[in-house]
Colleague: 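Pasting in a structure now, in structure tokens, and then I'll have a few things to ask.
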Protein chains: 2
Amino acid sequence: MKSCLSVDQIRTMLRSKGLQVTSQRVALCRFVLCEADHPTVDTVKLWAEENDVQVSQATVYNTLNMLVDAGLMKVFRFPHSDRMVYDNNVHHHHHLLDEETNHILDLEPGQVNFYAGLSKEWDISEVAVFVRAKRRSSKMDTARQNI
Amino acid sequence: MKSCLSVDQIRTMLRSKGLQVTSQRVALCRFVLCEADHPTVDTVKLWAEENDVQVSQATVYNTLNMLVDAGLMKVFRFPHSDRMVYDNNVHHHHHLLDEETNHILDLEPGQVNFYAGLSKEWDISEVAVFVRAKRRSSKMDTARQNI
DNA sequence: TTACCTGCAAACTCTTTGCACCGCA
DNA sequence: TGCGGTGCAAAGAGTTTGCAGGTAA
């Protein structure tokens with residue numbers, strides 16, 4: 001999760017991308033670029049209602065998709081859900097689903113080592129790894145698994 | 001892709017799962033369990049129309065979901081599409097999307113080696129790997145990549 | 001002032017469900 | 001004949017779009 005951005009930083013960021021600054025956009029950006037963790041449209045709409053940010057569902061969709069188009073967020077469709085999931089981590093990474101809380105955690109590429117025995121005729125452009133797991137204890141270590 | 005099943009084999013298979021045998025089910029099973037390659041409901045409905053198999057869209061959905069419930073197929077939701085994708089390979093495996101044809105190919109677990117540097121507190125229950133790739137030549141070899 | 005953003009509602013897409021009819025056993 | 005499968009249509013869920021009015025620059 002990124003450290004929180006000020007309103008001015010958000011305004012500057014939007015302008016630098018050629019996007020108009022509106023109160024709804026600033027409010028949503030502060031939430032989805034800083035506070036929120038893999039939000040869906042529902043999460044964002046609910047947050048807005050609870051924080052007296054007046055915004056319609058359509059504007060939530062439009063704003064999130066605008067941020068994706070501007071390269072400030074990514075959007076994913078995961079196997080466990082039929083909702084679009086937005087992510088303020090725009091770098092290449094993978095995902096882990098905590099099966100108990102249904103929360104998504106980012107896995108940095110360095111945490112995942114992958115070897116594909118593919119024919120060289122295949123030019124891999126992207127690999128997406130989605131791990132489902134449950135927490136069991138707190139010992140730090142690494143685990144090797146064949147999948 | 002499995003070798004094709006006879007009508008009698010399909011009837012026997014359905015009965016052994018306690019499922020009633022109907023002409024629509026036999027026809028759809030022959031297609032989705034043998035011929036079809038990662039079909040969606042649309043693919044199946046289109047095939048039915050082109051092959052004079054009279055079946056409604058609802059029955060296609062119901063039949064495919066019945067086969068999934070019976071353990072004869074799996075269903076996936078992939079990142080590149082908002083459609084359910086059905087698969088007659090019910091064993092654990094991964095997927096490769098041919099970005100040019102949009103076809104899905106199965107990757108057997110042995111083709112994919114995966115090492116996750118997770119804390120031991122995580123008990124991994126499933127790993128799904130989704131590879132996007134383009135074909136480039138025909139030399140057989142293996143490729144190592146960090147993801 | 002003008003371009004474009006917002007809110008609302010309706011449209012759209014994909015999937016599921018309800019119900020009368022029909023077919024398998 | 002009876003259970004349950006089928007077809008049709010409608011309902012649901014999630015997302016996108018069209019348009020009138022409002023706001024930023």
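Given the structure is predicted, the values throughout are model-derived calculations rather than measurements.
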Colleague: Distance check needed: D:dG14 P versus A:Leu46 CG, whole Å only.
Modeller: 14 Å
Colleague: Checking the side chain of B:Asp87 only, and the main-chain atoms of B:Asn89 only, is there a donor and an acceptor separated by less than 3.5 Å?
Modeller: yes
Colleague: Any donor-acceptor pair under 3.5 Å linking the side chain of B:His93 with the backbone of B:Asp106?
Modeller: no
Colleague: Any side-chain N or O of A:Arg15 less than 4.0 Å from the OP1 or OP2 oxygen of D:dA25?
Modeller: yes
Colleague: Starting from P on D:dG5, measure out to CG on B:Leu64 and report it in whole angstrom.
Modeller: 15 Å
Colleague: Do the side chains of A:Thr63 and A:Gln24 get nearer than 4.5 Å, heavy atoms only?
Modeller: no
Colleague: With heavy-atom distances below 4.5 Å as the criterion, would you say the side chains of B:Gln20 and B:Arg25 are in contact?
Modeller: yes
Colleague: Could you state the atom-to-atom distance from CG of B:Leu19 to C1' of D:dT6 in whole Å?
Modeller: 15 Å
Colleague: Check this for me: B:Glu49, atom CD, are more than 12 non-hydrogen atoms of other residues, nucleotides or ligands nearer than 6.0 Å?
Modeller: yes
Colleague: Would you call B:Leu14 and B:Met66 a side-chain contact if the rule is heavy atoms closer than 4.5 Å?
Modeller: yes
Colleague: Can you give one letter per nucleotide of nucleotides 6-17 of chain C, going 5' to 3': B for a protein heavy atom under 4.0 Å from the base, S for sugar-phosphate only, - for none?
Modeller: SBBB----SBBB
Colleague: Starting at CD of B:Gln20 and ending at C1' of D:dG5, how long is that distance when rounded to a whole Å?
Modeller: 6 Å
